[in-house]
Amino acid sequence: MSTITLVGQPVTVELKNDLAITGVLVSVDQFLNIKLDNIKVVDEERYPHMLAVKNCFIRGSVVRYVQLPAPSVDTALLQDAARRERQQPATGARK
Amino acid sequence: MSDQLRSLVDHPVFVYLTDGRTLVGQLMGYDQAANVILGKTHERIFSSTEAMKTVPIGVYVIRGETIALIGELDEELDEQADYDNMMVEPLDPVAL
């Protein structure tokens, strides 16, 4: 679980009410609270309310998805980690 | 979380509540649950039939649970924004 390596990458955060905000990832904490810089609401025409906001803090509890830039995600590494976890469910995973 | 809000203290902020209301004010303080204190608070009431209205409501203590987003308000952009002609539906509430 290292979204931390995505700091500095552009991500799109979709809230549970469908509002989507794109920005550069600044930080994430254990609650999935997210800080974004240089933000833009994806549908600005419909949601111009925040056009004077350039950076923001999003509460983790309202986040539905975080869309990551595909090239920044190492799928091979993820698959490998998932496979290894399945073989040794005792290490780390509590299920 | 507390560290994430530190940089906004004493700055003008835009707060989007989970019920869809929007407030602007000065961030006076916060804690680890993202409860915040806003000073010089104004509620911004958006409507699709009339211009945005600003209602002064003083000092507000807001429970973290009810906050969806806190943004730093860029005062220059905020002054340029044409709120008098911005007739839009209020932001949607966020169901938790």
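Letters go in sequence order (proteins before strands), and every chain restarts at 1.
The structure places CD of Glu72(B) at 14.0 Å from CZ of Phe57(A), a figure rounded to the nearest 0.5 Å. The CZ atom of Arg46(A) lies 5.5 Å from the CG atom of Asp92(B); values are rounded to the nearest 0.5 Å. Between the CG atom in Leu91(B) and the CG atom in Leu15(A) there is a gap of 9.5 Å [rounded to 0.5 Å].
Cluster membership check: Val11(A) does not share its hydrophobic cluster with Val26(A), using side-chain heavy-atom separations under 4.5 Å among Ile, Leu, Val, Met, Phe, Trp and Tyr. When hydrophobic clusters are built by joining Ile, Leu, Val, Met, Phe, Trp and Tyr residues whose side-chain heavy atoms come closer than 4.5 Å, directly or via intermediates, Leu6(A) is grouped together with Val63(A). Hydrophobic clustering of Ile, Leu, Val, Met, Phe, Trp and Tyr side chains at less than 4.5 Å, counting indirect connections, unites Val9(B) with Leu23(B). Under a hydrophobic clustering in which Ile, Leu, Val, Met, Phe, Trp and Tyr are joined whenever their side-chain heavy atoms come within less than 4.5 Å, directly or via other members, Val24(A) and Ile21(A) fall into different clusters. No continuous path of hydrophobic side-chain contacts links Ile37(B) to Leu27(B) [ILVMFWY only; heavy atoms under 4.5 Å].
Both the backbone and the side chain of Ile58(A) come within contact range of chain B, judged by heavy atoms closer than 4.5 Å. Of the atoms belonging to Gln80(B), not a single heavy atom falls under 4.5 Å from chain A. For a residue to count as touching a neighbouring chain, one of its non-hydrogen atoms must lie under 4.5 Å from one of that chain's; by this rule Leu51(A) touches chain B with backbone and side chain alike. Proximity to chain A is limited to the side chain of Ala81(B), based on heavy atoms less than 4.5 angstrom apart. Of the atoms belonging to Leu36(A), not a single heavy atom falls under 4.5 Å from chain B. The contact between Pro93(B) and chain A is made entirely by backbone atoms, counting heavy-atom distances below 4.5 Å.
Here the closest non-hydrogen pair linking Asp29(A) and Gln4(B) is OD2-OE1, 3.2 Å. Considering all non-hydrogen atoms of both residues, Cys56(A) and Leu69(B) come closest at SG-CD1, 4.0 Å. Closest approach of Ala33(B) to Arg59(A), counting heavy atoms only: O-NH2, 3.5 Å.
For Glu75(B), the CD atom counts as loosely surrounded, since its 6.0 Å shell holds 12 or fewer non-hydrogen atoms of other residues, nucleotides or ligands. Around OH of Tyr47(A), the count of heavy atoms belonging to other residues, nucleotides or ligands within 6.0 Å exceeds 12. Arg63(B) CZ: 12 or fewer foreign heavy atoms inside a 6.0 Å radius. Within 6.0 Å of CE in Met28(B) there are 12 or fewer heavy atoms belonging to other residues, nucleotides or ligands.
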Take Val53(A) and Leu73(B), measure what side chain to side chain contact (heavy atoms under 4.5 Å, CB included) needs, and give me the verdict at the end. CA-CA 5 Å; Val53(A) 177; Leu73(B) 205 59; 4.1 Å; yes
If you apply the rule side chain to side chain contact (heavy atoms under 4.5 Å, CB included), what do you find for Leu19(A) with Val94(B), and how did you get there? CA-CA 9 Å; Leu19(A) 179 72; Val94(B) 190; over 6 Å; no
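No option in Tyr16(B), Tyr83(B), Phe46(B), Phe14(B) other than Phe46(B) meets the ring-ring contact (aromatic ring centres under 6.0 Å, His included) test with His49(A).
Electrostatic pairing of Asp3(B) and Lys35(A) does not count as a salt bridge here, judged by no charged N lying under 4.0 Å from a carboxylate O.
Highest contact tally toward chain A, considering only Pro90(B), Gly71(B), Ala68(B), is held by Ala68(B) [criterion: heavy-atom pairs under 4.5 Å].
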